[in-house]
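Because the structure is a prediction, the values reported are computed rather than measured.
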Amino acid sequence: MKEAIVRKDTSVEIVDSPIPKPGPGHVLIKVIVADHFPLAWPAQAFDWKIPIHFGREMNTGDDISGIVEAVGEDVVGFHKGDRVAAFHEMMTSHGAFAEYAIAPYYTTFHIPDSTSFEEAATVPLAAYTSACALFQELELPEPWSPRAKAAGKEGIKRPLIIYGASTATGAFAIKLAAAANVHPIITVGSKRSDFIKPFLDENKGDVLIDYTAYATEEELIKAIQEAVKKGGAPGGRCWKAYDTVSEDKTIRLVSKAIAGPPNPAGQKPKITNIFLKTEVEGSDPSVEIVFSMVGQVHYEDENDKLIGVTWGAAFSRGLREGWLTSHPYTLGNNGLEGLSEGLKGLRDGKIRAQKFLTRPNETPGARD
């Protein structure tokens with residue numbers, strides 16, 4: 001099979017590799033579409049960062065959509081011919097940039113016939129990342145929990161700030177929060193973020209704030225705080241925030257927007273990020289800074305694996321019911337031969353507010 005190895009300079013070497021065999025608990029997927037994951041702003045793509053920051057030149061693709069070719073021992077719920085999307089285990093072999101890839105069954109989920117392989121490929125890693133951020137680190141009630149259902153019926157306010165509406169992680173966070181009846185959602189983006197507006201409910205206080213409309217950081221912070229109050233947040237405060245950009249300057253800004261004394265139980269306002277930061281110089285000391293690790297869904301602990309299984313089923317249902325939709329994307333040409341161009345476009349910021357997809361079977365010399 002054809003497989004792409006990403007080099008440190010984001011060039012790509014296409015090699016011939018044997019089709020892998022799935023081990024226990026894993027599935028072999030014939031890759032129809034591979035997605036290149038923009039971890040924060042679309043210019044900051046994890047797929048091109050791995051070779052540079054970790055010194056690992058490898059097949060770095062982690063987002064897969066395709067058809068199950070074979071299953072290993074102890075796999076339940078999947079059979080050859082199933083249409084699926086999957087989150088490949090990061091930093092391991094047999095990734096998405098190949099004609100065939102391996103994924104754990106517990107981070108693989110069925111996709112409905114109404115969802116294209118292109119649409120499905122945009123979901124796994126970004127959606128799992130935001131599920132971990134919102135419902136593990138920020139401890140918001142999951143959509144199926146009694147607390148979330150009660151909030152929907154009774155109009156209970158659980159304000160949430162999401163910084164980075166144009167990012168895949170930010171956009172999926174908005175969709176997941178809305179599904180869990182979390183409102184008001186105060187999200188910060190730009191004009192490129194308009195695609196997310198259908199998932200915001202103005203009647204419940206949700207709002208998209210265009211950060212480019214404010215000349216200073218102080219003005220933007222004030223606009224965020226005013227939106228929280230206007231949205232009907234209890235006491236006019238927001239206690240939880242998710243920064244999908246996760247730069248020092250954005251963490252500082254968001255911390256100042258939610259700063260304030262702890263609640264009667266001694267709990268501080270909390271912001272989670274996805275770049276492993278717990279301390280940022282200049283951030284407000286009244287705010288607790290934590291980080292979210294999507295890799296936890298691949299940990300050996302069975303409870304962590306349940307996160308993958310549970311949310312995979314939720315993603316499948318969301319795609320079927322329409323409350324979860326794909327992220328905007330562009331499709332590259334010539335299969336894996338166009339991969340380098342896409343990675344460089346993400347790196348250089350030429351591809352923004354969308355994902356770059358590849359069809360490995362369109363690579364010259366591919367099996368079919």
Quick check: Phe78 with His110 (ring centres under 6.0 Å apart)? yes
Option passing ring-ring contact (aromatic ring centres under 6.0 Å, His included) with Phe109 (candidates Phe87, Trp311, Phe315): Phe315
Tell me if the CD atom of Glu279 is crowded by more than 12 foreign heavy atoms within 6.0 Å. no
Is there a continuous path of hydrophobic side-chain contacts, each under 4.5 Å between heavy atoms, that joins Val297 to Phe291? no
Judged by atom type as modelled, is there a donor-acceptor pair below 3.5 Å linking the side chain of Thr107 to the main-chain atoms of Gly308? no
Any chance you could pull the hydrophobic cluster mates of Ile156, using side-chain heavy atoms under 4.5 angstrom and chaining through other members? none
Please check this pair: side chain of Gln267 against backbone of Asn263, looking for a donor-acceptor N/O pair closer than 3.5 Å. no
Identify whether the distance between the nearest side-chain nitrogen and carboxylate oxygen of Arg252 and Glu281 falls below 4.0 Å. no
Main-chain N/O of Phe117 paired with Ser65 side-chain donor or acceptor, under 3.5 Å: yes
Answer yes if the side chains of Thr122 and Ser326 hold a donor-acceptor pair under 3.5 Å, and no otherwise. no
Do the side chains of Lys355 and Asp35 get close enough for a salt bridge, i.e. N-O under 4.0 angstrom? yes
Between Phe195 and His327, is a ring pair (Phe, Tyr, Trp, His ring centres under 6.0 Å) present by the stated rule, with each step listed? CA-CA 9 Å; Phe195 68 90; His327 196 69; 5.2 Å; yes
Six-ring centre of Phe172, Lys175 cation under 6.0 angstrom, axis tolerance 45°: yes
Just checking, any donor-acceptor pair under 3.5 angstrom between side chains of His183 and Asp201? no
Between the side chains of Trp144 and Glu142, does any donor sit under 3.5 Å from an acceptor? no
Tyr242 vs Leu138, side chain to side chain contact (heavy atoms under 4.5 Å, CB included): CA-CA, chis, key distance, verdict: CA-CA 8 Å; Tyr242 177 26; Leu138 294 182; 4.3 Å; yes
Can we say Glu217 and Lys256 salt-bridge, meaning some charged N sits less than 4.0 Å from an Asp/Glu carboxylate O? yes
Check residues 16-25 and write down every donor-acceptor pair under 3.5 Å in which the side-chain atom is one partner and the other belongs to a residue at least two apart or another chain.
from, atom 1, to, atom 2, distance (Å)
Asp16, OD1, Lys2, NZ, 2.9
Ser17, OG, Glu3, OE1, 2.7

Do Ser130 and Thr169 get their side chains close enough for a donor-acceptor pair, meaning under 3.5 Å? no
Side chains of Ser166 and Ser193: donor-acceptor distance under 3.5 Å anywhere? yes
Joint cluster assignment, Val287 & Val254, ILVMFWY side-chain distance < 4.5 Å: yes
